Amino acid sequence: MDLIGLLKSQFLCHLVFCYVFIASGLIINTIQLFTLLLWPINKQLFRKINCRLSYCISSQLVMLLEWWSGTECIIHTDPQAYPQFGKENAIVVLNHKFEIDFLCGWSLAERFGVLGGSKVLAKKELAYVPIIGWMWYFTEMVFCTRKWEQDRKTVSRSLLHLRDYPEKYFFLIHCEGTRFTEKKHQISMQVAQAKGLPSLKYHLLPRTKGFAVTVRSLRNVVSAVYDCTLNFRNNENPTLLGVLNGKKYHADLYVRRIPLEEVPEDEDECSAWLHKLYQEKDAFQEEYYRTGTFPETPMVPPRRPWTLLNWLFWASLLLYPFFRFLVNMVSSGSSLTLASFVLVFFVASMGVRWMIGVTEIDKGSAYGNVDSKQKKSD
């Protein structure tokens with residue numbers, strides 16, 4: 001390992017990143033709280049401000065992927081569709097196999113200048129998580145409970161609120177609902193067999209109702225569906241801990257632009273369309289494992305400097321008082337102070353490990369641990 005690689009793997013560097021992220025995130029969340037005063041006066045101004053504040057948080061994670069890790073992501077797409085990316089609202093359907101696939105989705109949005117306004121369909125519990133969850137709340141993210149009878153009205157209502165959103169956005173949706181594992185795949189294919197649906201080799205059975213209500217609610221506002229199929233070269237298995245350690249990964253992302261007019265309006269027809277889409281995604285993955293590449297023309301969108309500049313701004317603002325506090329604490333010589341310092345360091349260490357642990361694939365969902373009746377309810 002070279003000197004820079006060794007430096008990137010040190011816990012002190014990880015602690016600095018976590019401190020800047022947590023401290024800046026809480027400051028931004030506080031500012032977002034005060035922007036609520038604007039909502040009854042000027043809703044669109046509230047939205048534009050919170051798009052910029054949201055970018056200050058989410059771009060720090062993209063910075064880790066693009067600048068700290070140096071991960072490369074080659075986009076394979078139709079050259080005629082490429083100029084439209086970032087200039088229109090789009091529903092992004094991304095496979096859900098890797099720990100960092102959400103980061104690759106955010107990186108795609110960042111490369112085309114729409115990260116701040118982009119949305120996801122997320123579990124309701126995440127709305128209560130400080131920093132990321134609170135940021136999502138203020139940017140009108142769409143939350144669901146994964147219980148369709150409860151979600152039918154609430155998700156549709158949240159989506160309808162986005163029809164007059166003033167910023168361009170990608171609406172990222174993982175139709176599989178949870179990350180791919182062999183155990184989940186086996187259970188998912190049992191459900192497919194029971195429903196008379198074709199088997200998938202590289203994906204879980206998509207959950208169609210959330211996709212259908214998204215298309216219905218955003219029709220005539222969103223221009224296209226971006227079918228995104230992600231994989232990594234040389235059988236790499238990327239992790240968030242690897243990114244934090246500065247490990248460079250090599251991603252390939254196949255992006256198909258499908259005009260929304262081609263997606264059926266009827267819910268049953270839309271469901272069948274999505275199942276067919278996932279059969280095609282499966283075929284693309286099969287070709288990738290066989291040839292090492294996706295169809296269409298490979299392109300690399302330019303890496304923008306704003307994620308790095310944003311992190312450097314917050315680091316310069318927050319690190320000096322932090323290190324001064326640590327120096328004063330250590331130089332005091334008090335046994336109680338030193339013990340407190342060790343305790344804080346230990347708690348921070350456990351906090352970093354916990355933040356990494358919650359991203360592990362086998363902890364991503366309880367999929368497969370419910371009874372078969374629930375699993376077949378879609």
Side-chain angles (χ1 to χ4, degrees), residues 44 47-48 51-52 54-55 58-59 62-63 65-67 70-95 101-120 139 159 162-175 211 214-215 217-233 250-264 273-274 277 280-281 283-285 287-288 291 293-310:
Q44 300 297 47
R47 286 169 155 177
K48 290 180 178 181
C51 277
R52 276 79 184 160
S54 168
Y55 183 85
S58 55
S59 68
V62 175
M63 185 279 298
L65 182 74
E66 294 186 347
W67 293 92
T71 292
E72 295 178 348
C73 186
I74 296 178
I75 294 177
H76 302 254
T77 192
D78 181 355
Q80 294 183 349
Y82 184 85
Q84 300 181 67
F85 297 166
K87 295 180 174 62
E88 61 184 0
N89 296 331
I91 298 170
V92 176
V93 178
L94 181 63
N95 57 312
D101 50 23
F102 78 96
L103 263 185
C104 292
W106 286 12
S107 177
L108 178 70
E110 162 58 21
R111 294 290 175 107
F112 293 105
V114 295
L115 177 61
S118 288
K119 314 296 178 190
V120 298
T139 51
L159 288 164
L162 299 179
R163 292 188 64 84
D164 64 343
Y165 208 78
E167 303 284 333
K168 298 298 181 186
Y169 59 83
F170 289 169
F171 189 92
L172 177 62
I173 180 170
H174 294 290
C175 293
F211 176 78
T214 301
V215 170
S217 300
L218 297 180
R219 194 175 289 277
N220 300 321
V221 173
V222 164
S223 302
V225 171
Y226 292 175
D227 171 35
C228 297
T229 305
L230 176 70
N231 213 322
F232 288 83
R233 277 168 254 163
H250 305 83
D252 287 295
L253 183 66
Y254 180 34
V255 183
R256 288 192 298 167
R257 182 187 183 275
I258 305 171
L260 204 65
E261 293 79 13
E262 296 182 14
V263 183
W273 184 90
L274 185 64
L277 184 79
E280 294 170 354
K281 290 171 79 70
F284 296 141
Q285 290 285 31
E287 180 178 352
Y288 186 86
T291 66
T293 188
F294 283 122
E296 297 292 358
T297 305
M299 301 179 179
V300 181
R303 182 174 59 176
R304 306 194 323 154
W306 310 119
T307 57
L308 180 61
L309 293 175
N310 173 73

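Owing to the predicted nature of the structure, the values given are computational and were not obtained by experimental measurement.
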Tell me the closest heavy-atom pair linking Ser223 and Glu261, and the distance in Å.
O-OE1, 4.4 Å
For the side chain of [X] and the backbone of [Y], is there at least one donor-acceptor N/O pair under 3.5 Å apart?
X	Y	result
Asp252	Asn231	no
Arg52	Gly116	no
Gln285	Glu280	no

Which residue pairs satisfy the salt bridge (Lys or Arg N to Asp or Glu O under 4.0 Å) criterion with at least one member in residues 110-120, sequence neighbours excluded?
Glu66-Arg111, Glu110-Arg304
So the salt bridge (Lys or Arg N to Asp or Glu O under 4.0 Å) pairs with at least one residue in residues 72-93 (sequence neighbours excluded) are Glu72-Lys248, Glu88-Arg257
Excluding sequence neighbours, so at least two apart, what forms side chain to side chain donor-acceptor pair (under 3.5 Å) with [X]?
X	value
Lys281	Asp227, Thr229
Thr214	none
Asp164	Lys43, Arg47

Contact check, side chains of [X] and [Y], non-hydrogen atoms, under 4.5 Å:
X	Y	result
Asn89	Tyr165	no
Val120	Phe102	no
Leu162	Val221	no
Met299	Pro79	yes

Leu172 vs Leu108, side chain to side chain contact (heavy atoms under 4.5 Å, CB included): CA-CA, chis, key distance, verdict:
CA-CA 11 Å; Leu172 177 62; Leu108 178 70; over 6 Å; no
Got a second to check how far [X]'s [atom1] is from [Y]'s [atom2], nearest 0.5 Å?
X	Y	atom1	atom2	answer
Thr293	Phe284	OG1	CZ	12.5 Å
Cys104	Ile75	SG	CD1	10.5 Å
Phe294	Thr77	CZ	OG1	12.0 Å
Leu260	Leu218	CG	CG	8.5 Å
Tyr226	Arg256	OH	CZ	14.0 Å

State whether a side-chain donor-acceptor pair under 3.5 Å links Trp306 with Ser59.
no
Would you say the side-chain atoms of Asn310 and Tyr55 include a donor-acceptor pair closer than 3.5 Å?
no
What class does the angle between the rings of Phe112 and Tyr82 fall in, given that below 30° is parallel, 30 to 60° is tilted and above 60° is perpendicular?
perpendicular
Among residues at least two apart in sequence or on other chains, which ones pass ring-ring contact (aromatic ring centres under 6.0 Å, His included) with Phe211?
Trp273
